[in-house]
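Please read the structure below before turning to the comments.
Labels below follow one simple rule: chain letters A, B, ... track the order of the sequence lines, proteins then strands, and each chain is numbered from 1. Worth knowing before you read on, the calculation uses all heavy atoms, side chains too, and leaves out hydrogens, waters and symmetry mates.
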Amino acid sequence: MTQPNNPPPTDFIRDFIEDDLRTNKNDGVVAVRFPPEPNGYIHIGHAKSVCLNFGIAAQYGGTCNLRMDDTDPAGESLEYVESIIHDIHWLGFDWQGRLFFASDYFEQLYQFAVALIKAGKAYVCSLNAEETREHRGSFTEAGTESPYRKRSVEENLDLFTRMRAGEFPDGAHVLRAKIDMAASNIVMRDPIMYRIKREPHFRTGTDWVIYPMYDFAHCLSDALEGITYSICTLEFENNRPLYDWFVEQLIPGRRPRQIEFARLNVSYTVLSKRRLIELVEKKYVSGWDDPRMPTVAGMRRRGYTPEAIRKFAAAIGVAKNDNLVDVALLEHCVREDLNERAPRAMAVLRPLRVVIDNYPENQVEEFECPNHPQNPEMGTRKVPFSRVLYIENDDFLEDPPKKYHRLGPGREVRLRNAYVIRYESMVKNEQTGQIEEIHCTYDPETRNAPPADGRKIPGVIHWIAADHAVPAEVRLYDRLFRVPEPKDENYTADLNPDSLAILAKCYVEASLKDTIPGTGYQFERLGYFCADLKDSRPGKPVFNRIVPLRDSWAKIAGGGK
RNA sequence: UGGGAGAUCGUUCAAUGGUAGGACAACGGACUCUGACUCCGUGAAUCAAGGUUCAAAUCCUUGUCUCCCAGCCA
């Protein structure tokens with residue numbers, strides 16, 4: 001997966017693993033896992049973790065399991081499982097058949113719980129949720145022990161059996177680990193292991209009415225799978241003592257080591273599952289795969305490539321610092337990848353009609369245009385040229401500013417891959433004053449050649465022959481939020497109202513008529529585009545703008561975007 | 001407030017007691033049939049104060065700031 005010419009990545013986790021390898025701590029075994037909860041689509045933050053875990057497995061000749069952490073049936077579904085599987089494969093990783101579900105271990109986990117009860121280290125607690133919270137104490141005050149903490153092993157066993165059998169309503173009892181209600185780490189204050197929840201599970205159906213909590217299920221699932229490094233995000237640091245506690249009580253031998261790294265934050269977007277779900281459910285976006293979404297599905301539909309996302313993951317690194325990565329870095333990685341692989345084409349987004357007065361009325365020429373300026377191996381394509389063309393509306397200005405290299409009164413410009421044309425006149429709408437078309441003459445000597453007299457033509461613009469133009473819809477995407485860090489409360493107020501602009505009357509060159517959705521092109525001078533995976537149809541293409549080209553003219557001219 | 005973690009260019013990641021470096025961003029310039037790409041260049045940082053040391057981003061002390069934890073979520 002890693003490019004052979006790139007140096008292998010280093011970070012504190014790999015340092016840790018390499019130390020273990022040196023001292024032969026785990027007999028050379030490197031076993032990791034990626035454990036998503038299937039209650040949503042994975043996003044760029046998950047992609048970071050996917051690249052980390054699968055990357056480590058590949059780098060050290062180890063394994064990476066895919067495990068669905070499906071311990072809370074509320075909100076989980078097969079649709080999400082399938083999307084996660086699809087997205088990870090698309091990113092370029094494979095778990096070689098090691099797909100697991102925490103729910104596979106429900107019976108095993110139950111037996112572990114029974115064992116803990118028998119060891120006097122777990123008890124059924126009958127406090128309600130509110131009482132449990134009160135007993136937990138606070139940051140500064142120790143908790144108080146539950147009155148049910150001293151129940152006998154027999155009674156606990158009986159109660160827990162009946163919990164499983166469905167004899168009690170939701171919330172009536174929970175199973176708790178008997179640890180220390182005075183622990184300074186609140187996670188250790190008799191944490192809940194099982195709750196009663198009558199919620200059908202997408203895999204186990206109604207087999208269970210009790211479900212294990214994350215803290216109980218996750219560490220044991222890791223241990224059961226022989227995981228050596230359980231890599232997770234920083235917010236689980238407080239849970240590590242509990243992770244170790246459960247494993248130590250129940251599974252002898254080699255123990256997985258939990259290592260925490262900082263989750264990814266990206267500017268101008270949100271990555272919390274809660275907010276992503278809300279964007280989808282409240283229809284701020286068209287779905288999980290809306291091209292503006294930071295989900296893998298959204299980025300795929302937008303036209304981002306797996307290579308670009310992997311490159312990004314490598315570029316941001318792995319550390320324990322809280323971070324807010326500039327979305328410009330992601331865009332840079334996308335451009336860098338697409339610049340190499342995307343064939344060039346011409347498209348006119350906001351057409352302005354141009355008539356070449358001295359070009360024969362019914363003549364059509366075909367120009368052989370290179371598909372890539374730096375890579376001749378990508379071949380050429382034929383692009384028709386005729387008397388009436390479309391150019392980009394902002395490539396002509398009646399009263400151009402300084403440094404403007406394009407068309408205007410008295411000016412010449414090169415038509416990309418074609419002739420040099422000279423402005424002659426314009427036709428305006430008498431009512432509105434809008435320019436309806438402009439008239440030019442061409443210099444027949446300039447096909448594939450500079451002007452014979454040596455004069456410099458400063459500008460090159462793109463164009464489409466009117467008779468051969470393929471009408472297309474083009475969707476221009478911008479960042480979903482207008483502030484770098486949308487506020488937690490009321491973040492929807494920060495939504496960018498201009499994150500989507502639909503241009504219905506664009507023209508693309510003939511070669512793009514039946515383009516395959518998802519394939520990225522560079523529309524020269526505009527940006528990278530691909531036909532939409534859902535809405536594009538042969539003969540009626542719909543293009544998404546993946547990312548615009550860098551535009552140093554815009555900075556000069558507009559002082560901004 | 002108790003506990004846990006973290007502070008290095010605008011951003012992000014390095015430097016593991018020995019020249020603070022890369023990438024992104026910014027800014028200049030060269031090149032150009034894409035104002036793209038590429039190339040060259042510029043500016044830009046060790047949270048603070050003490051201490052140890054020939055030498056400190058790194059070790060010690062004190063302080064400051066940020067993040068995480070009081071779900072029967074993960």
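In terms of phosphate contacts, Arg525(A) brings a side-chain nitrogen or oxygen within less than 4.0 Å of OP1 or OP2 of G35(B). Between Asn321(A) and A7(B) there is a side-chain polar atom (N or O) within less than 4.0 angstrom of OP1 or OP2. Phosphate proximity of G71(B) to Arg136(A): present, with a side-chain N or O under 4.0 Å from OP1 or OP2. Contact annotation: Arg414(A) does not reach the phosphate of G35(B) (side-chain N/O to OP1 or OP2, under 4.0 Å). Residue Asn239(A) places none of its side-chain N or O atoms closer than 4.0 Å to OP1 or OP2 of C69(B). Within the 4.0 Å cut-off from OP1 or OP2 of C73(B), at least one side-chain nitrogen or oxygen of Arg195(A) is found.
The glycosidic torsion of G29(B) lies more than 90° away from 0, which places this base in the anti conformation.
Atom P of nucleotide G35(B) and atom CD1 of Ile391(A) are separated by 13 Å, given to the nearest angstrom. Taking atom CZ of residue Phe12(A) and atom P of nucleotide A7(B), one finds them 10 Å apart after rounding to whole Å. Across the protein-nucleic acid pair, Leu234(A) atom CG and A7(B) atom C1' stand 13 Å apart, rounded to whole Å. Regarding Asp11(A), its CG atom lies at a distance of 17 Å from the P atom of U12(B), rounded to whole Å. Rounded to an integer number of Å, the gap from CZ of Phe312(A) to P of U12(B) is 12 Å. Taking atom CE on Met68(A) and atom C1' on A74(B), their separation rounds to 15 Å, with Å as the unit. The OH atom of Tyr194(A) sits 14 Å away from the P atom of C73(B) (whole-angstrom rounding).
In this structure, Asp70(A) and Ala102(A) approach most closely via the heavy-atom pair OD1-N, 3.2 Å. Closest of all the heavy-atom pairs between Ile391(A) and Val348(A) is O-CG1, 3.4 Å. For the residue pair Ala347(A) and His462(A), the shortest heavy atom distance occurs at O-CD2, 3.0 Å.
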**Message:** Between Phe481(A) and Tyr268(A), does the ring pair (Phe, Tyr, Trp, His ring centres under 6.0 Å) criterion hold? Intermediate values first, please.
**Reply:** CA-CA 5 Å; Phe481(A) 291 86; Tyr268(A) 296 97; 9.2 Å; no
**Message:** Checking Tyr243(A) against Gln258(A) for the side chain to side chain donor-acceptor pair (under 3.5 Å) test, could you report, in this order, the C-alpha distance in whole Å, the side-chain angles of both residues, the deciding distance, and whether it holds?
**Reply:** CA-CA 8 Å; Tyr243(A) 182 107; Gln258(A) 175 176 305; 5.6 Å; no
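U64(B): Watson-Crick or G-U partner is A7(B), with both key distances under 3.5 Å. Base pairing of C37(B): no nucleotide in any strand meets the Watson-Crick or G-U wobble criterion (both distances under 3.5 Å). A45(B): no Watson-Crick or G-U partner with both key distances under 3.5 Å is found in any strand. C54(B) and G18(B) make up a base pair, with Watson-Crick or G-U wobble contacts both under 3.5 Å. C72(B) is unpaired under the criterion used here, namely a Watson-Crick or G-U wobble arrangement in which both key atom distances are under 3.5 Å.
With centres under 5.5 Å and a plane angle under 30° as the test, the ring of Tyr214(A) is not stacked against the base of A74(B). In this structure, the aromatic ring of His218(A) is not positioned over the six-membered ring of the base of A74(B) within 5.5 Å between centres and 30° between planes. Where stacking is scored as ring centres under 5.5 Å apart with planes under 30°, Phe139(A) registers as stacked on the base of C69(B).
The base of A70(B) does not come close enough to the side chain of Glu141(A) for any donor and acceptor atom to sit less than 3.5 Å apart. Between the side chain of Gln374(A) and the base of U38(B) there is no donor-acceptor pair of N/O atoms closer than 3.5 Å. Contact of Asn238(A) with G3(B) (side chain to base): a donor-acceptor pair of N or O atoms is detected under 3.5 Å.
If you check every strand for non-hydrogen atoms under 4.0 Å, Pro373(A) touches a base. At a threshold of 4.0 angstrom between heavy atoms, the contacts of Asn39(A) with the nucleic acid are absent. Using a 4.0 Å heavy-atom distance criterion, Arg344(A) is classed as a base contact. Residue Ser267(A) is classed as having no contact, given no heavy-atom separation below 4.0 Å to the nucleic acid. Heavy atoms of Ala142(A) sit nowhere under 4.0 angstrom from any nucleic acid atom. Residue contacts for Tyr404(A): at a heavy-atom cut-off of 4.0 Å it reaches a base atom on one of the strands shown. Ala319(A) comes within 4.0 angstrom of the backbone, heavy atoms only, and of no base. Among the heavy atoms of the strands lying under 4.0 Å from Ile316(A) are primed sugar atoms or P, OP1, OP2 only; no base atom is included. In this structure, Tyr211(A) reaches neither bases nor backbone, as no heavy-atom distance under 4.0 Å exists between it and the strands shown. Leu127(A) comes within contact range of at least one nucleobase, with a heavy-atom separation under 4.0 Å. Looking at heavy-atom distances under 4.0 Å, Asn417(A) makes contact with a base. Looking at heavy-atom distances under 4.0 Å, Asp15(A) makes contact with a base. Looking at heavy-atom distances under 4.0 Å, Leu324(A) makes contact with sugar-phosphate atoms alone, never a base. Among the heavy atoms of the strands lying under 4.0 Å from Asn128(A) is at least one base atom, whether or not backbone atoms are also near.
Ring geometry, Phe543(A) versus Phe523(A): the interplanar angle exceeds 60°, so the pair is classed perpendicular (tilted spans 30 to 60°). Using cut-offs of 30° and 60° on the angle between ring planes, the pair Phe385(A) and Tyr442(A) is tilted.
Taking atom C1' on both nucleotides, A56(B) is separated from G22(B) by 23 Å, rounded to a whole Å. When the C1' atom is used for both U62(B) and U52(B), the distance is 15 Å, rounded to whole Å. Rounded to a whole angstrom, the distance from the P atom of G18(B) to that of A55(B) is 14 Å. If you take atom C1' in C73(B) and the same atom in C68(B), they sit 16 Å apart, rounded to whole Å. When the P atom is used for both G41(B) and C47(B), the distance is 29 Å, rounded to whole Å.
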**Fill in**
Scoring nucleotides 19-31 of chain B by protein non-hydrogen atoms under 4.0 Å (B base, S sugar-phosphate only, - none) yields -----SSSS----
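Listed nucleotides: C13(B), C72(B), G71(B). Nearest to the side chain of Arg133(A): G71(B). The side chain of Ser184(A) lies closest to G3(B) when the candidates are C37(B), G3(B), G35(B). Nearest nucleotide to the side chain of Thr140(A), out of U1(B), A70(B), A5(B): U1(B). Here the side chain of Glu237(A) is nearest to one of C73(B), A5(B), U34(B), namely A5(B).
Each of Arg525(A), Arg350(A), Arg411(A) was checked for a salt bridge (Lys or Arg N to Asp or Glu O under 4.0 Å) with Asp395(A), and the lone residue meeting it is Arg525(A).
There is no side-chain donor-acceptor pair under 3.5 Å between Arg414(A) and Thr446(A). Neither side chain, Asn53(A) nor Arg33(A), offers a donor N or O lying under 3.5 Å from an acceptor on the other.
Under a 4.0 Å N-O distance rule, the pair Asp104(A)/Arg203(A) qualifies as a salt bridge.
When ring centroids are compared, Tyr123(A) and Tyr148(A) stay outside the 6.0 Å threshold.
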